[in-house]
Number of protein chains: 2
Amino acid sequence: MDKRSTKKSLSVQTLRRLPNYLNYLKGLDASKDEYISASALAAQLRLNEVQVRKDLAAVSPTKGKPRAGFEIRQLIIGLEEHLGYNSIDEAILVGAGKLGRALLSYEGFKNAGLNIVAAFDTNPDLQNKSLDGKFVFPLDRLVNLSQRMKIHIGIITVPAEAAQEVCDLLVEGGVLAIWNFAPVVLQVPEHVYLRNENMAASLALISQHLQEKFTEEA
Amino acid sequence: MDKRSTKKSLSVQTLRRLPNYLNYLKGLDASKDEYISASALAAQLRLNEVQVRKDLAAVSPTKGKPRAGFEIRQLIIGLEEHLGYNSIDEAILVGAGKLGRALLSYEGFKNAGLNIVAAFDTNPDLQNKSLDGKFVFPLDRLVNLSQRMKIHIGIITVPAEAAQEVCDLLVEGGVLAIWNFAPVVLQVPEHVYLRNENMAASLALISQHLQEKFTEEA
DNA sequence: GATCAATCAGTACAATTGTATCGATTGGTC
DNA sequence: GACCAATCGATACAATTGTACTGATTGATC
């Protein structure tokens, strides 16, 4: 099979692990080791060894060498390819509040193929100047600019009340995916991919874990 | 083997969905309807109907009435209980940068049972004054304060380079769970629960979806 | 170059999760 | 009061995911 354009659709769970592999591998001293074993990776990331090996086998363009492991550089290439980090996606962000600004300057995105090209906000004090390196436009420019720049991703970091309205604007602006940080359920057309970043869900997992721990001890 | 196989432990996936139910239900006009059907909820949240019914059956203190649905108020009570929103957990946050500040003022936490009682930062300009309602201490006070206040949760919002160091301090301070927003793999002792908030993972899912869409059309 | 240890690769299996289907229950309507 | 439609509850089934095991391959060591 063609290895470059094969979009072997990986499972969602696998895909969630890939950024961690990539992250860790990039953090290694490149001059130190040329190979890394699935076992070592699993130990470092606290994952099941076989699982890691399967994941690596799925994304690595080259096979792993017994006794040595996988070639780190090839792994990185494979990971980035499967993660779509090569084809940079351009995004616009709506809501230059604290969370919005945090995302605008979030380190992780630089390497992840996401390029936030502009921000939007209703607050006149923030408009028409740069914030964290991104220019902030008034909201009424959104649809026009988005269409002209052929933006694919819209990021929503506005308060819950305004989220649906912003969402509609983004859809009108022609985005294909919406990354929603507001704690509301948004309604989008069928063809638009909606991804909710739900802090509360993570918090729930932590919370349950602590509760279980306490009831356990009691 | 499985040490936390307790009574009513819901699956991780279920637990992830619960905040969404709660969120939606709270957003409803309480005076409008007293009951809601699993079908209606499923349609609104774009989930499978049976799945929603199962989830609701698991968390609702009362049974659902055929033809009517589940009693909304009871559902909310049940959800909050399972999510641990009643037993408020106290947390400290390290790293009062943009992301840290975003979390300090995040609306959602108020209702989610998480109380961030203090923040820490190495930057002297931020220290010893309030930021978004939370007092910012120098980092060297962390261990002492954490121990004395018996804090359970530590939130890390520092740059990647400093994350492990902060993590160690939190562990020394006796926290039981760490919520890590830095894009690195942290090493923690066995008894500490580590939860990584991985923005890049979500991004990967969006990215893949877009890529699939494009290759599909081509 | 023979042996050994570490690692990869493939298969089989178990657990979890999501989906479909069927009967049971209830409130509204005539 | 009998019927109908909507919904719940339970069971069974399919798909996915995680784990265990066995054999094959390779590099290092002597």
Side-chain angles (χ1 to χ4, degrees), chain A residues 1 3 8-18 20-21 25 33-75 78-79 82 201 204-205 208-209 212, chain B residues 1-18 20-21 25 33-75 78-79 82 201 204-205 208 212:
Chain A
M1 286 192 247
K3 54 183 184 262
K8 275 224 186 88
S9 57
L10 301 167
S11 81
V12 174
Q13 266 71 1
T14 302
L15 209 53
R16 282 219 182 95
R17 286 189 294 269
L18 297 193
N20 297 328
Y21 299 142
L25 293 177
D33 287 312
E34 194 175 352
Y35 291 90
I36 188 166
S37 72
S39 322
L41 245 182
Q44 286 293 326
L45 274 65
R46 307 209 161 183
L47 293 170
N48 182 283
E49 180 187 321
V50 181
Q51 192 174 21
V52 172
R53 197 177 302 137
K54 272 187 185 174
D55 291 345
L56 297 193
V59 302
S60 175
T62 61
K63 292 211 163 190
K65 283 189 190 173
R67 180 84 199 203
F70 288 85
E71 198 178 336
I72 294 181
R73 282 184 326 182
Q74 291 300 315
L75 264 187
L79 284 167
H82 278 81
L205 293 176
Q208 168 173 296
H209 184 83
E212 277 178 359
Chain B
M1 270 300 176
D2 191 356
K3 56 205 163 210
R4 49 182 183 281
S5 59
T6 42
K7 31 197 170 182
K8 51 188 174 183
S9 63
L10 301 169
S11 81
V12 174
Q13 266 72 2
T14 301
L15 209 53
R16 282 219 182 95
R17 286 189 294 268
L18 297 193
N20 296 328
Y21 299 144
L25 293 177
D33 286 313
E34 195 175 350
Y35 291 90
I36 189 166
S37 71
S39 321
L41 247 182
Q44 286 294 326
L45 274 66
R46 306 206 163 185
L47 294 170
N48 181 281
E49 180 187 320
V50 181
Q51 191 174 23
V52 173
R53 198 177 301 140
K54 271 188 186 171
D55 291 345
L56 297 193
V59 302
S60 176
T62 60
K63 293 210 163 191
K65 282 189 192 175
R67 182 85 198 201
F70 288 85
E71 199 178 335
I72 294 181
R73 283 185 325 183
Q74 292 298 318
L75 264 187
L79 284 167
H82 278 82
L205 293 176
Q208 168 172 293
E212 276 178 358

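Protein chains get the first letters and strands the later ones, always in sequence-line order, with residue 1 at the start of each.
- By the side-chain hydrogen bond (donor to acceptor under 3.5 Å, both in side chains) test, A/Arg53 pairs with A/Glu49, sequence neighbours left out.
- Within the structure, every side-chain polar atom (N or O) of B/Asn48 is placed at least 4.0 Å from both OP1 and OP2 of C/dG18.
- Straight-line distance from the CG atom of A/Asp55 to the P atom of D/dT19: 11 Å, rounded to whole Å.
- For A/Arg46, the CZ atom sits in a packed shell: over 12 heavy atoms of surrounding residues, nucleotides or ligands are nearer than 6.0 Å.
- In terms of modelled atom types and a separation under 3.5 Å, the side chain of B/Ser11 and the main chain of B/Thr14 share a donor-acceptor contact.
- Distance, B/Leu41 CG to D/dA6 C1': 16 Å, rounded to whole Å.
- Between B/Gln51 and C/dT19 there is a side-chain polar atom (N or O) within less than 4.0 angstrom of OP1 or OP2.
- One interatomic measurement links the two molecules: CD of A/Gln13 to P of D/dA15, which rounds to 17 Å at whole-angstrom precision.
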Please walk me through it: do A/Val52 and A/Leu45 pass side-chain contact (heavy atoms from CB on, under 4.5 Å)? CA-CA 9 Å; A/Val52 172; A/Leu45 274 65; over 6 Å; no
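- Here B/Tyr21 contributes atom OH and B/Leu79 contributes atom CG; the two are 9.0 Å apart, rounded to the nearest 0.5 Å.
- Phosphate contact (OP1/OP2 of D/dT17, side-chain N/O of A/Ser11, threshold under 4.0 Å): present.
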Mind listing the N/O atom pairs, protein and nucleotides 3-10 of chain C, below 3.5 Å?
{"from": "C/dA5", "atom 1": "N3", "to": "A/Arg67", "atom 2": "NH1", "distance (Å)": "3.1"}
{"from": "C/dT7", "atom 1": "O4'", "to": "A/Arg67", "atom 2": "N", "distance (Å)": "3.4"}
{"from": "C/dC8", "atom 1": "OP1", "to": "A/Ala38", "atom 2": "N", "distance (Å)": "2.7"}
{"from": "C/dC8", "atom 1": "OP2", "to": "A/Arg53", "atom 2": "NE", "distance (Å)": "3.2"}
{"from": "C/dC8", "atom 1": "O3'", "to": "A/Gly64", "atom 2": "O", "distance (Å)": "3.4"}
{"from": "C/dA9", "atom 1": "OP1", "to": "A/Gly64", "atom 2": "N", "distance (Å)": "3.4"}

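- Side-chain contact between A/Ile72 and A/Glu34 is absent, with no heavy-atom pair separated by less than 4.5 Å.
- Note that CZ of A/Arg17 and CG of A/Leu56 are 10.0 Å apart. Values are rounded to the nearest 0.5 Å.
- In the helix from C/dG1-D/dC30 to C/dC30-D/dG1, the rotation axis of the first five pairs and that of the last five pairs differ in direction by 10°, rounded to 10 degrees.
- For B/His82 (side chain) and B/Gly78 (main-chain N/O), a donor-acceptor pair under 3.5 Å exists by modelled atom type.
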